[in-house]
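Step one of this worksheet: look at the structure below.
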Number of protein chains: 2
Amino acid sequence: MVATAALHSPLQQQRAVHPTLHAVRTTPSCSTCGVVSLCLPCSAEHEPGEYLDELVTQRTHLHKGDVLVHRGDRFTALYAIHSGSCKSVVTTTCGGEQIVGYHITGEVLGAEAIFKGVHDSTITVLEDSEFCVLQFERVQSLARRSDDFQRSFNAFLSREIGLERKLMLMLGTMRAEQRLASFLLDLADRYRARGYSSCEFVLRMTREEIGSHLGLKLETVSRLFSRFHQEGLICVQGREVKLLDRTGLQQIIDTADQ
Amino acid sequence: MVATAALHSPLQQQRAVHPTLHAVRTTPSCSTCGVVSLCLPCSAEHEPGEYLDELVTQRTHLHKGDVLVHRGDRFTALYAIHSGSCKSVVTTTCGGEQIVGYHITGEVLGAEAIFKGVHDSTITVLEDSEFCVLQFERVQSLARRSDDFQRSFNAFLSREIGLERKLMLMLGTMRAEQRLASFLLDLADRYRARGYSSCEFVLRMTREEIGSHLGLKLETVSRLFSRFHQEGLICVQGREVKLLDRTGLQQIIDTADQ
DNA sequence: CGTAAGTTTGACTTACATCAAGTTTTGTGG
DNA sequence: CCACAAAACTTGATGTAAGTCAAACTTACG
């Protein structure tokens with residue numbers, strides 16, 4: 001397998017064809033990958049890398065705005081983000097849209113489509129990113145042979161349920177300011193787990209997209225950013241965010257009312 | 001194993017001790033159970049009953065108000081509702097509560113706790129109900145031996161992710177009337193799948209609980225029931241609901257605005 | 001049969017949405 | 001590299017869906 005990064009044409013900026021048609025780098029390897037420990041929950045004695053190498057045979061490089069998965073695409077693989085970020089968008093019957101997921105390095109996408117065999121969300125790349133392709137056939141086959149992997153994979157699916165539930169709770173019980181504070185702190189935690197700065201990062205989404213993710217309108221998101229900035233909780237400059245007072249943000253979440 | 005239904009004391013009404021201390025009926029059997037096909041997604045050639053018999057060794061009978069699982073309990077088993085209904089309640093750090101699930105016959109609970117090994121929601125029984133206890137050890141062991149079951153179990157977990165996402169979408173994008181209409185139609189579909197009447201059923205939750213589930217206040221729920229009744233969409237008499245105009249309810253959901 | 005829990009309905013408030021300008025940033029082609 | 005158009009963002013004024021408060025009514029239950 002040979003690196004063919006030059007395949008990308010400028011036209012792909014807008015709409016991606018099937019990922020397999022994209023550049024495939026030299027054979028990827030989980031055992032030498034810096035982020036693999038994030039992809040799957042793993043037991044202490046068995047580092048996931050040991051048996052995962054056979055799982056990822058392909059890596060796909062996509063550009064900002066490219067679509068990794070279209071709503072309606074047949075489910076064949078899970079995708080682990082090797083680097084970069086993306087959003088999952090669901091369209092409701094009435095034409096409404098919601099961003100149900102904002103995903104960064106080390107997160108694995110697509111598990112919700114196992115059941116139906118069809119993806120019902122569109123996954124769009126938010127910056128130049130690399131994805132590891134986990135053919136589901138191989139995932140299942142490995143689970144059959146390795147009890148340890150089977151356990152990890154179940155834990156991974158269970159974790160996804162918990163993450164969805166957490167978002168659900170946010171949308172069901174929190175006020176606007178609590179939602180944004182929660183979003184920022186959650187993101188900070190995820191960056192920290194990845195060894196990045198946990199208090200200084202660049203948002204890859206517009207105010208409108210953040211709003212869609214939090215069940216708010218872009219104006220509300222913008223106003224809240226300004227307010228948090230004024231109150232000295234954060235420092236915002238466009239999409240660059242610095243968390244200045246994590247305790248203060250946590251207090252906003254923990255405050256029952258007002 | 002002998003039926004010991006007489007074990008129940010009136011005191012148990014409020015707080016249940018561990019389910020294993022409750023009445024255990026004669027050895028239950030999936031292969032002769034009417035609702036098993038609902039518990040796990042199954043392939044056409046392999047009816048789930050074939051290999052599931054070894055899975056369920058216990059059945060627990062609980063009363064209205066009993067608690068099946070407390071927040072903080074160690075995860076050891078999944079619970080399938082053989083008959084009856086229950087609610088899953090999550091408490092937020094700030095003391096807020098949300099009902100994250102309203103479950104009826106044939107639904108399987110607890111999968112979100114596999115990852116952490118600890119339940120973070122409290123499951124309370126809404127009417128006298130029977131639960132099949134699926135020790136997770138046995139679930140994993142069976143998955144190891146049966147590819148078909150492994151596949152089903154993955155599909156089940158994936159389906160749960162999708163269900164959470166559906167609720168998330170409701171909370172993130174819908175207005176109050178859309179949420180209630182959606183809740184009623186969803187419930188109707190679930191009853192239909194169980195062979196019950198899909199347009200006439202008894203809600204086992206109070207207005208407050210329904211509100212908590214839909215991210216609304218009880219007064220709003222009550223007003224909406226009254227309005228839907230006036231508009232001839234449904235017929236409500238306390239907790240008894242009759243759906244009179246499913247298309248009308250669907251239209252409420254599909255209407256973008258107003 | 002009486003108390004408590006649940007429900008309905010009305011009057012009023014509020015958090016967020018909507019509408020509307022104006023400003024800044026981004027990106028593209030000359 | 002600059003110019004200029006499009007996209008993204010900010011901020012203010014106003015509207016409204018749903019929340020809050022309150023009182024009366026109904027149902028469940030010991």
Side-chain angles (χ1 to χ4, degrees), chain A residues 10-11 13-14 63-65 87 96-99 126-128 170-181 202-230 234-241 252 255-258, chain B residues 9-11 13-14 63-65 87 96-99 124 126-128 170-181 202-230 234-241 252 255-258:
Chain A
L11 288 169
Q13 298 280 114
Q14 286 312 311
H63 295 287
K64 185 175 172 176
K87 60 172 181 176
E97 271 198 358
Q98 188 181 358
I99 293 179
L126 294 168
E127 65 190 302
D128 289 17
M170 183 189 75
L171 294 171
T173 65
M174 290 187 180
R175 278 163 309 109
E177 48 172 16
Q178 294 178 304
R179 295 184 200 185
L180 188 63
V202 176
L203 297 166
R204 298 297 177 180
M205 296 202 287
T206 67
R207 300 287 188 260
E208 186 168 19
E209 287 168 325
I210 295 169
S212 164
H213 189 43
L214 305 181
L216 303 170
K217 294 291 153 177
L218 71 300
E219 293 96 328
T220 306
V221 175
S222 178
R223 271 184 251 271
L224 285 170
F225 270 125
S226 303
R227 222 187 74 196
F228 285 0
H229 186 101
Q230 269 171 30
I234 63 174
C235 176
V236 232
Q237 173 73 261
R239 300 202 190 165
E240 280 161 55
V241 179
I252 286 182
T255 304
D257 208 12
Q258 256 179 93
Chain B
S9 84
L11 289 170
Q13 297 279 114
Q14 286 312 311
H63 294 289
K64 185 175 173 178
K87 60 171 181 176
E97 271 198 357
Q98 188 181 358
I99 293 179
T124 305
L126 294 167
E127 65 190 303
D128 288 15
M170 184 191 75
L171 294 172
T173 64
M174 290 187 180
R175 280 162 308 106
E177 48 172 15
Q178 294 177 305
R179 295 183 199 186
L180 188 63
V202 176
L203 297 166
R204 299 298 177 178
M205 295 201 288
T206 66
R207 300 287 187 260
E208 187 169 18
E209 288 170 325
I210 296 169
S212 164
H213 189 43
L214 305 180
L216 303 170
K217 294 290 154 180
L218 72 301
E219 294 95 329
T220 307
V221 174
S222 177
R223 271 184 250 271
L224 285 169
F225 270 125
S226 304
R227 221 188 76 198
F228 285 0
H229 186 100
Q230 271 172 28
I234 62 175
C235 176
V236 232
Q237 173 73 265
R239 300 200 189 167
E240 280 160 56
V241 178
I252 286 182
T255 303
D257 210 10
Q258 257 179 90

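In the text below, chain A, chain B and the rest are named by the order of the sequence lines, each starting its count at 1.
- Listed by chain and residue number, nothing satisfies the salt bridge (charged side-chain N to carboxylate O under 4.0 Å, His left out) test with A/Arg239 (two or more places apart in sequence, or in another chain).
- Looking at which nucleotide of DNA chain C each of B/Glu208 and A/Leu216 is closest to, the 5′-most match is held by B/Glu208.
- At whole-Å resolution of the value, CD in A/Gln178 and C1' in C/dC16 are 14 Å apart.
- Side-chain proximity of A/Thr206 to C/dC16, C/dG6, D/dC9: nearest is D/dC9.
- Taking atom CG of A/Leu214 as the reference point, atom P of C/dA15 lies 19 Å away to the nearest angstrom.
- For the pair A/Ile99/A/Met205, a side-chain contact is recorded, criterion being any heavy-atom separation below 4.5 Å from C-beta on.
- At most 12 non-hydrogen atoms from other residues, nucleotides or ligands lie less than 6.0 angstrom from CD of A/Glu208.
- Counting any heavy atom pair closer than 4.0 Å across all strands shown, B/Arg239 reaches sugar-phosphate atoms only and no base atom.
- Contact annotation: the side chain of B/Leu171 approaches that of B/Gln98 to within less than 4.5 Å [non-hydrogen atoms, C-beta and beyond].
- We find that A/Lys217 and A/Glu219 are not joined by a salt bridge, their nearest charged nitrogen and carboxylate oxygen being 4.0 Å or further apart.
- A/Ile210 has its side chain within reach of A/Leu180: a pair of non-hydrogen atoms, C-beta onward, lies under 4.5 Å apart.
- The side chain of B/Lys217 places no N or O atom within less than 4.0 Å of a non-bridging phosphate oxygen (OP1 or OP2) of C/dT8.
- Protein atom CD of A/Glu177 is 10 Å distant from nucleotide atom C1' of C/dA15, rounded to whole Å.
- Mapping B/Val221 and A/Val221 onto DNA chain C by nearest heavy atom places B/Val221 at the nucleotide closer to the 5' end.
- Between B/Gln237 atom CD and C/dG6 atom C1' the separation is 14 Å, expressed in whole Å.
- Regarding B/Leu224, its CG atom lies at a distance of 13 Å from the C1' atom of D/dG19, rounded to whole Å.
- Rounded to whole Å, atom C1' of D/dA8 lies 15 Å from atom CG of A/Leu126.
- An OP1 or OP2 oxygen of C/dA5 is reached within less than 4.0 angstrom by no side-chain nitrogen or oxygen of B/Arg207.
- Separating the CD1 atom of B/Ile210 from the P atom of C/dG6 is a distance of 12 Å, rounded to the nearest angstrom.
- B/Gly211 comes within contact range of no nucleotide atom at all, as no heavy-atom separation falls under 4.0 Å.
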Q. If the sugar-phosphate is the primed atoms plus P, OP1 and OP2 and the base is the rest, what is the B/S/- string for nucleotides 9-14 of chain C, using protein heavy atoms under 4.0 Å?
A. BBB---
